[in-house]
Structures are given as C-alpha cells and as structure tokens.
Amino acid sequence: TGNTFPSLVWCWLSKIKARGSITFESQHQTKLGKVFPVEVTANYLDFDGKEYSFAFVHDITERHEIERMKGELVSVVSHELRTPLTSIRGALGLLAGGLLRSQPEKGERMLEIAVSNTDRLVRLINDILDLERMESGKMSMDKQACNAAELMTQAVDGVRELAEKAGVILSVTPRPVRLWVDPDRIIQAFINLLSNAIKFTPRGRSIWLSATPQDD
C-alpha cells in the first residue's frame with residue numbers, strides 16, 4: 001500500500017489527541033496506481049509517557065456504489081411517480097372547478113384519466129416494492145394483445161396537463177396496429193419520453209407522437 005495514511009493521521013493529530021479517535025473518509029492509492037475510497041479510523045494513545053497513533057482502514061468502494069445506486073433510484077422513482085400524480089391532480093382540479101356540471105362529457109373523460117392514472121400509479125408502486133425480483137432478473141412481463149393507437153392516446157392523456165401548463169401543443173397520430181406487449185411498460189416509456197420532450201420544448205411549439213409499422 002502507499003504512504004497516504006501516515007500523513008493524513010499526522011494532519012489530524014490534534015483532533016485525534018483531543019477526542020482519542022476520529023473517523024473520516026479519504027482516498028488511497030496502491031503501488032499499482034489504483035485509487036479507491038476508504039474510511040479511516042485514526043486513534044491516539046498515550047502510554048508510558050510516549051504518544052502513539054494508529055489507524056484502521058476500510059475499503060468503502062461498495063458502500064459508495066450502493067449510495068450512488070440509491071441516488072439514481074430516488075431520481076427514477078420520483079420521475080416515474082410524479083407524472084401520473086400530476087395528471088390525477090390536474091383532472092381532479094378541473095372536476096372540482098365544476099367541469100362535470102358544465103361539460104359532462106369532458107368531465108367524464110377527466111374522471112377516466114384520473115382513474116387510469118391511479119391504477120397505473122398503484123402498479124408502479126408495486127413494481128418499486130418488488131425491486132428485489134427485478135435485481136434477480138425475475139421480473140415478468142404481462143404481455144397482451146394491444147392496439148398501438150390506444151396506447152399512444154393513453155400516454156398523451158397522461159401528460160396533457162403537463163403540456164398545457166408548459167404551453168406546449170401535443171399532436172398525436174394514432175396508428176391502429178396490433179401489438180403483443182406489456183401495455184403498462186409501453187405507456188410508461190411513452191410518458192417518460194413525452195414528459196422529457198415537454199420539459200425541453202419552448203412555449204408555443206409542438207410535440208408530435210406518431211407510429212410507423214415495420215416490415216416485421
């Protein structure tokens with residue numbers, strides 16, 4: 001191993017003497033040049049009139065990786081959950097404003113959107129709670145015969161409130177093509193793409209969602 005720790009312990013010696021022991025994170029470089037994070041527990045001992053300092057060093061590369069993965073997970077989960085929640089809130093807000101009385105047909109459509117997104121939100125939460133199965137590669141796909149047009153329309157409905165707030169126009173060209181897919185995962189993929197597009201599209205501009213059948 002390299003000579004990192006003696007110098008570090010010397011720099012922290014006054015704190016170590018005051019507390020008896022101190023723990024901090026640092027980096028260590030091996031003789032081969034590999035650098036990795038470590039946790040250092042430095043100790044001070046006064047024995048028989050002489051001062052001693054010694055340290056225990058623990059490789060925390062795995063801990064840092066787990067923390068990074070947790071951070072990414074929180075980011076993904078917040079993104080996945082925020083979109084249906086925003087759509088549900090928008091639909092319920094319109095209904096609370098009297099839309100169901102003034103425009104019954106549109107009000108019923110808002111109710112359908114809220115119910116659909118609530119169901120999808122429950123399924124997303126179930127997926128999050130089932131992360132252990134995902135990590136082990138045992139996550140199953142609930143594939144069904146689906147209509148691409150319906151999947152596209154549901155995805156657009158799920159982000160319409162976001163688009164209206166951002167002043168962005170959504171233009172969808174549904175294609176009635178039969179697919180064998182997991183509808184929830186396809187819709188979620190569409191919604192993620194559309195919500196990102198809304199975020200980076202200037203006010204007054206349009207976003208197009210279309211489909212093109214392939215030979216296979």
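- At a threshold of 4.5 Å between non-hydrogen side-chain atoms, the residues R175 and P213 count as touching.
- For F56, the CZ atom counts as loosely surrounded, since its 6.0 Å shell holds 12 or fewer non-hydrogen atoms of other residues, nucleotides or ligands.
- Taking CG of L95 as the reference point, atom CD of Q103 lies at 11.0 Å (rounded to 0.5 Å).
- Nearest heavy atom pair, residue A166 against residue I198, reads CB-CG2, 3.8 Å.
- Atom CD of E25 sits about 10.0 Å away from atom CD of Q27, to the nearest 0.5 Å.
- Taking each heavy atom of S195 and L162 in turn, the nearest pair found is CB-CD1, 4.2 Å.
- Checking N192 against Q188 by side-chain atom types alone, a donor-acceptor pair falls below 3.5 Å.
- Note: the hydrophobic cluster containing I113 also contains L121 (ILVMFWY, side chain heavy atoms under 4.5 Å, direct or indirect links).
- I169 and L193 fall into different hydrophobic clusters, defined by Ile, Leu, Val, Met, Phe, Trp and Tyr side-chain heavy atoms under 4.5 Å apart, directly or through other members.
- Side-chain contact check for F190 versus V156: every heavy-atom pair is 4.5 Å or farther apart.
- For T30 (side chain) and K34 (main-chain N/O), a donor-acceptor pair under 3.5 Å exists by modelled atom type.
- Contact of the N147 side chain with the R178 side chain is registered, since non-hydrogen atoms from C-beta on lie closer than 4.5 Å.
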Side chain to side chain contact (heavy atoms under 4.5 Å, CB included), that's the test. Do V57 and H28 meet it? Break it down for me. CA-CA 9 Å; V57 183; H28 182 64; 5.6 Å; no

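- Here I186 contributes atom CD1 and M152 contributes atom CE; the two are 12.0 Å apart, rounded to the nearest 0.5 Å.
- Of the inter-residue distances, the one linking T201 atom OG1 with L194 atom CG reads 10.0 Å to the nearest 0.5 angstrom.
- The two residues G90 and E161 make their nearest non-hydrogen contact at CA-CD, 3.7 Å.
- Rounding to the nearest 0.5 Å places CZ of R63 at 6.0 Å from NE2 of H58.
- Residues E164 and R160 meet the side-chain proximity criterion, which asks for heavy atoms closer than 4.5 Å.
- Here the closest heavy-atom approach between residue P202 and residue V168 is recorded as O-CG2, 4.1 Å.
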Just do the side chain to side chain contact (heavy atoms under 4.5 Å, CB included) check on D184 and D142 with the steps written out, would you? CA-CA 9 Å; D184 288 338; D142 183 18; over 6 Å; no

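- Between A114 and L92, the shortest heavy-atom contact is CB-CD2, 4.4 Å.
- The local environment of CZ in R68 is crowded, with over 12 non-hydrogen atoms from other residues, nucleotides or ligands closer than 6.0 Å.
- To the nearest 0.5 Å, atom CG of residue L94 and atom CZ of residue R89 are 10.5 Å apart.
- S102 contributes a side-chain N or O that, together with a main-chain N or O of G98, makes up a donor-acceptor pair within less than 3.5 Å.
- Heavy atoms only, all atoms of each residue included: V40 and S26 are closest at CG2-CB, 4.5 Å.
- Using a 4.5 Å cut-off between side-chain heavy atoms of Ile, Leu, Val, Met, Phe, Trp and Tyr, with links allowed through other members, V177 and V172 fall into the same hydrophobic cluster.
- The hydrophobic cluster containing L85 also contains M110, counting ILVMFWY residues as joined when their side-chain heavy atoms lie under 4.5 angstrom apart, directly or transitively.
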Starting from the C-alpha separation in whole Å, work towards a yes-or-no answer on side chain to side chain contact (heavy atoms under 4.5 Å, CB included) for L170 and L209. CA-CA 8 Å; L170 292 175; L209 176 63; over 6 Å; no

